[in-house]
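Heads up: the structure comes next, in structure tokens.
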Amino acid sequence: MTTKRSPEPFVWLLFSSGGMVTALLVPVLLFLFGVAFPLGLLPAPDHAYLASVVSHPITLLVLFGLCVLALFHWAHRFRYTLYDGLQLKKYSVPITIFCYGGAVVGSIIAAIVLLRAL
Amino acid sequence: MSTGNAVGGEPPLYRPPVSLTWWLRNPSYLLFVLRELSCVFIAWFVVYLLMLVYAVSSGRAAYQEFLDLSANPLVVILNVIALAFVVLHAVTWFGLAPKAMVLRLGALRVPPTVILAAHYGAWLVVSAIVAWVILR
Amino acid sequence: MPETITMEVWRYRPEHESEPTWDAYDVPLRKEWAVLDGLNHIKDQLDGTLSYRWSCRMGICGSCGMTVNGEPKLSCSTFLTDYAPGPVRVEPMRNFPVIRDLVVEMGDFMAKLPAVKPWLVSDDEPDEDTEYLQTPVEMDDYKRYSMCINCMLCYSACPVYALDPDFIGPAAIALAQRYNLDSRDAGAEDRRDVLASAEGVWACTFVGECSVVCPKDVDPAGAIQRYKLTAASKAVKDLLLPRGAR
Amino acid sequence: MPAWHNVVIIGGGGAGLRAAIAVAEANPKLTVAIVSKVYPMRSHTVSAEGGAAAVAGDDDTFDEHAYDTVSGSDWLCDQDAVEAFVVEARKELLRLEHWGCPWSREQDGRIAVRAFGGMKKKRTWFAADKTGFHLLHTLFQTALSYTGSGRRGGSGIVRYDEWFVTKLLVHDGRVRGVVAVELATGRVETIVADAVIVCTGGCGRVFPFTTNANIKTGDGMALAYQAGAPLKDMEFVQYHPTGLPFTGILITEAARAEGGRLLNKDGYRYLQDYDLGTPTDEPVLRSMELGPRDRLSQAFVHEMAKGRTAETEAGHVVHLDLRHLGEKLIDERLPFVRELCASYQNIDPVHELVPVRPVVHYMMGGIHTDINGATPLTGLYAAGEVACVSINGANRLGSNSLPELLVFGARAGKAVADFVATVPGAATAPVIAQGRDEENRLRRELSDHQHSDGERIADIRTEMQETMEAGAGIYRDEASLTKALDELAELKTRFARASMDDASRTFNTELIAMLELSGMLDVASCIVASGLRRKESRGAHQRTDYPDRNDERYLAHSVIRRKPDGDWRVEYLPVSITRWPPGERVYGR
Ligand SMILES: Cc1cc2nc3c(=O)[nH]c(=O)nc-3n(C[C@H](O)[C@H](O)[C@H](O)COP(=O)(O)OP(=O)(O)OC[C@H]3O[C@@H](n4cnc5c(N)ncnc54)[C@H](O)[C@@H]3O)c2cc1C
Ligand code: SF4
Ligand code: F3S
Ligand code: FES
């Protein structure tokens, strides 16, 4: 059956894992780096310490997972937002390519950036 | 079972049009659309995070440049909005989790409130660990 | 409490007009009166041409779904006094073609329902003098999904159904899950092709309004979400395990 | 081109669906059509709450179920039918279980049973207090599998959803089809068939205050009567003792079976004054609140005469007390009762008394059939509440009706499958011609009533209902019945001149109401005429001028038949007695 081979369950799994990981991790990260440090609510960590944390393989692995899953989470949700919110389902092929293609490209970029930090 | 209803010269059905702004019709639809839009801010966060890592791995000066950029009022405003959306995402995500999950302990079904509480607990613990690692 | 309340009723008479109109009627406002009682008063005393469906007037037959002040409701268990001083706006359920006045065409659901095989599929039926054993705990797994009265309120609340009429929809999926989760049933594989298709669970973006408006607390949104998890793990298993080992 | 099916079933309620499945199972080659004025799952079976009776436990026997049914019926039922019924009831309920019905269970996984009025043993199977709902949806969903593409294959069951049958077509003394209107389009269609099964349910709506749904207008009884088939035991109309005032919504007998008590306005368990036993804390089978419905409803009338009922805006009431049962039991076993009380009476039975009064609930009489659902008119069968086999006699026991519609629905289905295999194909031309006549009649009716100087349909209906309550209520006598009969005759004349607002073809519910009222006036007349002839009191038929049962003259079924001139004739048929000679009905002792 065609349906059993549909990629939908896999992209949904990526979307869901992405949803969970981002829900757990992103609020605190965004709060610290996007709001608290810039506004001086908390002192920003100094470069040496942060570089040591960032270059740690475990950190990089976690960040890589976070980036990939978050991007696929975006891709899936954004695709449906365009379908439903803007009623663009008739353009589903280009939309699908744009969203998941974007996630793949983003993941590659993330890999490059993160490897550079190693 | 099939139905015997056949079509003939029947009076036309009225098909109500779906407006492009259907999601403004009711507050919960609006909330739904906002929730879905949170994904855009998650994508922004990935970009922001990669900029940070890139800066940190490029040396002290680049890191400082990043800090300056992040203190730009426009960027701060963007991040505050993004934070709001990300929190909306987290709250709705945890709120829906008990629906998909049915856990059993022996004969007892774990009540949805417990599952919900567990998610919030995990959120708290993860956030604490991340903050501890960064701020130590 | 005022003596009367104005009911604004959406009218569509295909033999006379090609666009819907509104008619307003004043009906007595009594504390026991449901919106349906108001409509019956109009039909019996004021205007015999108003058409709508109803039967049990006790919230169990599922005939009387309408849009009351913008919300999907069973008109027999929605009370006029809750809308005092009025006016109360009564429209047909949304997302369906309208046959006339408050009567919608629900043939689409009736055609989709058999596709999800909402009946017990069993490999070995017990002999005619014994029952399948099923403990209250096992029954609890599916009981909630068996409470659906097919009232269609969930369809009228679901924006995905409005946009994509091929979507199988909340109630039909909940009914499929009602059997999938029944310890006596062996038909989950048979239902999978349809449920796990693009028009099945994957079309749902978890708006959740279906569960909010459901008068019988069926929670179709939960049913769909649970099935997504099931379908996804099945798909992963299919991918990992060689055919023969499944 | 008219439609054709081997079998046409009118009605998609419990009886109709069961019959359709039985036909499809008996002979998969036959085509079966279900013609129903509402979508099958909207049928009134959906409202049944309490449960379905059949022998379940080891301590129970078929004979005991049969005896309770026979004595409950005041010996007016046919005992051969009852004996077959009790055996097959169990099979049918198990069958339903195999089809997925979510019967409530014991901890060990076996089916649970509860007590019910007039039953000496616990034998009422239940699905919480939504038994009819689960039963109907299970049947409907199972019926969906009997289709060309469904699992069970065969020629399949075809549905005409929201089609209203207006006439049975009879040619050469044999029923050959029906004429029906499609509600959505107003199209009139002749459906030719080798046999027709009427499963249209009861006629509670001829009374003003009823638990019955809007669709229960006795159409099938009127269709059969007009086609020349006799109606049996029409004088026996059951009042249920506990309906909510104003709406008439039923509070199931299960509420009393679980231990609910009836109190008058002084908080006194008044049933003890009416030979129904002595009050105990725990419910006792066949005693007090678990007495039969006729006796409980009659006790209410006496209590009201003594001035011991409470007066409300919606008339006199007594109180049903469930408070001592506790929240847990109520939520587990009577959740729908709590839901209904909250929604429609704005009270919580966990903490408050529930006001109740007797309300018209069920029709014991109906189309006269034999034990296989066959009527005296060749090719016409009937099952369910519309039929009178009879297992209910002068008073039906609660929870016997759901198994009845399964048992006799299945029997009728099998019998029809056999019948159509043997009958010769007959000419359809005269049948189609009759269908055309009916179509013309309907068109005439629609235009004849299109004027504005007549009375409203609804007003005539209301008057008919009041007439029935006043003349043929819980207690009747010669004078009240005669008066009612005269009034009904006058209403028929006025009805002929009534006016309608709606001239359109599309979903014209006023037209349907008009056709229903026309049938109800016939059914109401049959109830009153049969009641007038039965000069005794038995079960639900209580004549104040003849307060005693008279077995010598009236241990017999009344049968009313339409004469060609439009008048009627009442005759009597013997009751079949196999093992239980008439005795006294004893409760609470
Ligand atoms: C509130 C309530 C509670 C009850 N509780 C119990 C209980 O606990 N236990 C028990 O044993 N019994 C109970 N009963 C009785 C029992 O529910 C009914 O007797 C039984 O359901 C009748 O089923 P049926 O199949 O004969 O008819 P219905 O279910 O009434 O179906 C009639 C069908 O006929 C169709 N129809 C009618 N007229 C036409 C027409 N002109 N053209 C086309 N189609 C037509 C309708 O569309 C419908 O599909 C209860 C009854 C009520 C009112
Ligand atoms: S799931 Fe709920 S809202 Fe939807 S049809 Fe069933 S009862 Fe109605
Ligand atoms: S409202 Fe619709 S989108 Fe899904 S959760 Fe319910 S079916
Ligand atoms: S009339 Fe039956 S649900 Fe409202």
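Counting heavy atoms of neighbouring residues, nucleotides and ligands inside a 6.0 Å radius, atom OH of A:Tyr91 does not exceed 12 of them. Summarising the local packing, CG of A:Leu41 is surrounded by more than 12 heavy atoms from other residues, nucleotides or ligands at distances under 6.0 Å.
The minimum heavy-atom distance linking A:Asp84 with C:Val160 is given by the pair OD2-CG2, 3.8 Å. Looking at every heavy atom in both residues, C:Ala232 comes nearest to A:Pro9 through CA-CB, 3.8 Å.
Note: A:Leu88 CG to C:Leu163 CG = 10.5 Å, rounded to the nearest 0.5 Å. To the nearest 0.5 Å, atoms OH (A:Tyr83) and CG (C:Asp164) are separated by 10.0 Å.
Looking only at side-chain heavy atoms (C-beta outward), A:Val11 and C:Trp202 stay at 4.5 Å or farther from each other. Side chains of C:Val201 and A:Trp12 form no contact here, defined as non-hydrogen atoms less than 4.5 Å apart.
For C:Val207, no part sits under 4.5 Å from any heavy atom of chain A, backbone or side chain.
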